[in-house]
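Atoms considered below: every heavy atom in the structure, side chains included; atoms not considered: hydrogens, waters and symmetry mates.
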Protein chains: 2
Amino acid sequence: MALSHAILVSLTDRAQSGYDLAKRFDQTVGFFWPVSHQQIYQELHKLAKADWVRAETITQADRPNRIVYELTDPGRAALAAWVTEPTTPPSFKEELLVKLFALDSDNRDALLAEIARRRSLHGERLARYEAIMAEHYPNPAALNARKRGRYLGLRMGILTERTTLAWCDEALALVGSAAS
Amino acid sequence: MALSHAILVSLTDRAQSGYDLAKRFDQTVGFFWPVSHQQIYQELHKLAKADWVRAETITQADRPNRIVYELTDPGRAALAAWVTEPTTPPSFKEELLVKLFALDSDNRDALLAEIARRRSLHGERLARYEAIMAEHYPNPAALNARKRGRYLGLRMGILTERTTLAWCDEALALVGSAAS
DNA sequence: CTTACATATGCAATTTCTTGCACAGACAAT
DNA sequence: ATTGTCTGTGCAAGAAATTGCATATGTAAG
């Protein structure tokens, strides 16, 4: 029930439509957790059925109708209970590692190119995160509790991308060097 | 089709039963990618149906029968094709980050305790990986291609755990300090 | 003697996630 | 005019993953 809880958390800030939620995901956790709009709509239906959120249709002139969801008291209670439960470390299914397990002379060049591609991709991500950090979180110690959570998410993103970059460099050097 | 390909890669080394594969997973990629034996058996059935692996039942006295799978030529070809395809960065669904997004004065102590728990858990993982590294990979540059892949997997594990530890320390300091 | 653990495979049900498709209007640019 | 992008919600099908249960034997420890 991970995505549904992420939705609940987002709704603690304000009532939102599926579209709002999808956009917000894209700009925050979506960096390292891509979520499609279909999944969000599906989860919202489930949450509504479980009475954890309340749906309200808003009709606007010259606009598609929006369905805005807000937390209910049972939803708030469920969220509070979930937050205090122990977590499990995320699984880390890195395709590239599996491919490197199959490294041989036939695929070496292709894998080297792929590592290089991934390296630049993670470089771009890092630059994006650091720009957000510089703009919105110049002084983390001065943040209130709610914003500290967001800061730590971004911080994790930055650390992870730096680590990935460093690993790519090592991998390029090792795979690229002659075998002994 | 990620797990199925991981199984194929493992079978390039030698023919194995579902049980063998599960055990091997546990000791390698399973550190950051937990796979249940049910999933492996299910995938093996699919792979056999697709003729990517060949099943052979081995009857032993006083033992449950084993079903050993080996790669077929089409399986080998499919694997080779897959290895050269581009990869996508893994998604990173860290529950703890979602919970920290909901950080407030009511759950602060529980979250601090949880971060501390996770910190020690990742410390244990790191120690385990570093022990394996010291024992099996004292000199990475001297490894052949196949072992370089494995080394890089382990190396990624070490870097990731170190990063996670550093993040936990930051999180403990920030969440633990007084809000301004 | 009983409990626990290792070997060995599997079904069934459910949940979760992904992919493809469909509808429908507004606004800006070419 | 047409193309593209943004707003906005959804179904349907399938793939992937999780959870719970079931079976069967050997060996070691308490």
Side-chain angles (χ1 to χ4, degrees), chain A residues 1-8 15-27 29-30 32-50 52-53 55-69 82 87-95 98, chain B residues 1-8 15-27 29-30 32-50 52-53 55-69 78 82 87-93 95 98:
Chain A
M1 272 286 205
L3 176 57
S4 60
H5 288 101
I7 290 174
L8 291 178
Q16 287 165 87
S17 68
Y19 189 84
D20 297 334
L21 285 163
K23 253 184 35 185
R24 218 171 168 211
F25 258 87
D26 264 4
Q27 289 157 12
V29 278
F32 32 87
W33 180 358
V35 177
S36 65
H37 72 270
Q38 287 89 341
Q39 221 183 318
I40 287 176
Y41 287 121
Q42 282 169 17
E43 289 296 334
L44 282 172
H45 289 306
K46 284 183 207 165
L47 288 172
K49 199 182 280 180
W52 285 7
V53 300
E56 194 185 348
T57 304
I58 295 182
T59 312
Q60 297 158 293
D62 297 345
R63 283 267 150 199
N65 289 348
R66 309 174 69 227
I67 303 175
V68 172
Y69 294 87
W82 173 76
T87 60
T88 42
S91 69
F92 180 74
K93 303 179 192 178
E94 174 60 271
E95 259 189 301
V98 178
Chain B
M1 273 284 205
L3 177 57
S4 61
H5 287 102
I7 291 174
L8 292 179
Q16 286 165 87
S17 69
Y19 189 86
D20 296 333
L21 285 162
K23 252 185 36 187
R24 219 172 167 210
F25 258 86
D26 264 5
Q27 289 158 11
V29 278
F32 31 87
W33 181 0
V35 177
S36 65
H37 73 269
Q38 286 89 342
Q39 222 182 318
I40 287 176
Y41 287 122
Q42 281 169 18
E43 288 296 334
L44 282 172
H45 288 306
K46 284 184 209 166
L47 288 172
K49 199 182 281 179
W52 285 8
V53 300
E56 192 185 349
T57 304
I58 295 183
T59 312
Q60 297 158 294
D62 295 348
R63 283 268 150 195
N65 288 349
R66 307 175 71 227
I67 302 175
V68 172
Y69 295 86
W82 173 76
T87 60
T88 41
S91 69
F92 181 74
K93 304 180 192 177
E95 259 189 302
V98 178

> To the nearest Å, give me how far apart CD1 (A:Ile7) and P (C:dT16) are.
11 Å
> Measure across B:Ala22 and B:Ile40 and return the closest heavy-atom pair with its distance rounded to 0.1 Å.
CA-CD1, 3.4 Å
> In Å and rounded to the nearest 0.5 Å, what is the OG to NZ distance from A:Ser4 to A:Lys46?
8.0 Å
> Starting from P on D:dT18, measure out to CD on B:Glu95 and report it in whole angstrom.
13 Å
> Rounded to the Å, how far apart are A:Arg66 CZ and D:dT7 P?
11 Å
> State, yes or no, whether a side-chain contact exists between A:His5 and A:Trp52 at a heavy-atom distance under 4.5 Å.
yes
> For the residue pair A:Ala55 and A:Ile67, what are the closest heavy atoms and their distance?
CB-CG2, 4.0 Å
> Could you state the atom-to-atom distance from CD1 of A:Ile40 to P of D:dG8 in whole Å?
14 Å
> Which of the following nucleotides, D:dT18, D:dA17, C:dC17, is nearest to the side chain of B:Ser36?
D:dT18
> Would you name the heavy atoms of B:Glu43 and B:Ile7 that are closest together and state the gap between them?
CB-CD1, 3.6 Å
> Write down the distance between CD (A:Gln16) and P (D:dT7), rounded to a whole number of angstrom.
14 Å
> How would you list, by chain and number, every residue that makes a side-chain contact (heavy atoms from CB on, under 4.5 Å) with A:Gln39, sequence neighbours excluded?
A:Leu3, A:Val35, A:Ser36
> Could you tell me the separation between the NZ atom of B:Lys46 and the P atom of D:dG14, rounded to a whole number of Å?
13 Å
> Nearest whole angstrom, please: distance from the C1' of D:dT18 to the NZ of B:Lys93.
13 Å
> Using the test side-chain contact (heavy atoms from CB on, under 4.5 Å), find all partners of B:Val98 that sit at least two apart in sequence or belong to another chain.
A:Ala6, A:Val9, A:Trp33, A:Trp82
> For A:Leu47 and D:dT9, give me the distance from atom CG to atom P, rounded to whole Å.
15 Å
> Taking Watson-Crick and G-U wobble pairs with both distances under 3.5 Å, convert DNA chain C into its dot-bracket string, 5' to 3', dots for unpaired and | for cross-strand pairs.
||||||||||||||||||||||||||||||
> For B:Tyr19, enumerate each residue passing the ring-ring contact (aromatic ring centres under 6.0 Å, His included) test, keeping only those at least two apart in sequence or located in another chain.
none
> In Å, rounded to the nearest 0.5 Å, how long is the span from NE2 of B:His37 to NZ of B:Lys23?
14.5 Å
> Show the distances under 3.5 angstrom between N or O atoms of the protein and N or O atoms of nucleotides 10-13 of chain D.
from: D:dG10; atom 1: O6; to: A:His37; atom 2: NE2; distance (Å): 3.2
from: D:dG10; atom 1: O6; to: A:Gln38; atom 2: NE2; distance (Å): 3.2
from: D:dA12; atom 1: N6; to: A:Gln42; atom 2: NE2; distance (Å): 3.3

> Contact list please: residues 17-25 of chain A against DNA chain C, heavy atoms, distance less than 4.0 Å, in numerical order.
none
> Quick one: does A:Asp20's side chain have a donor or acceptor within less than 3.5 Å of a partner on A:Ser17's backbone?
yes
> Can you name the closest pair of heavy atoms from A:Leu44 and A:Gly18 and give their distance?
CD1-CA, 3.6 Å
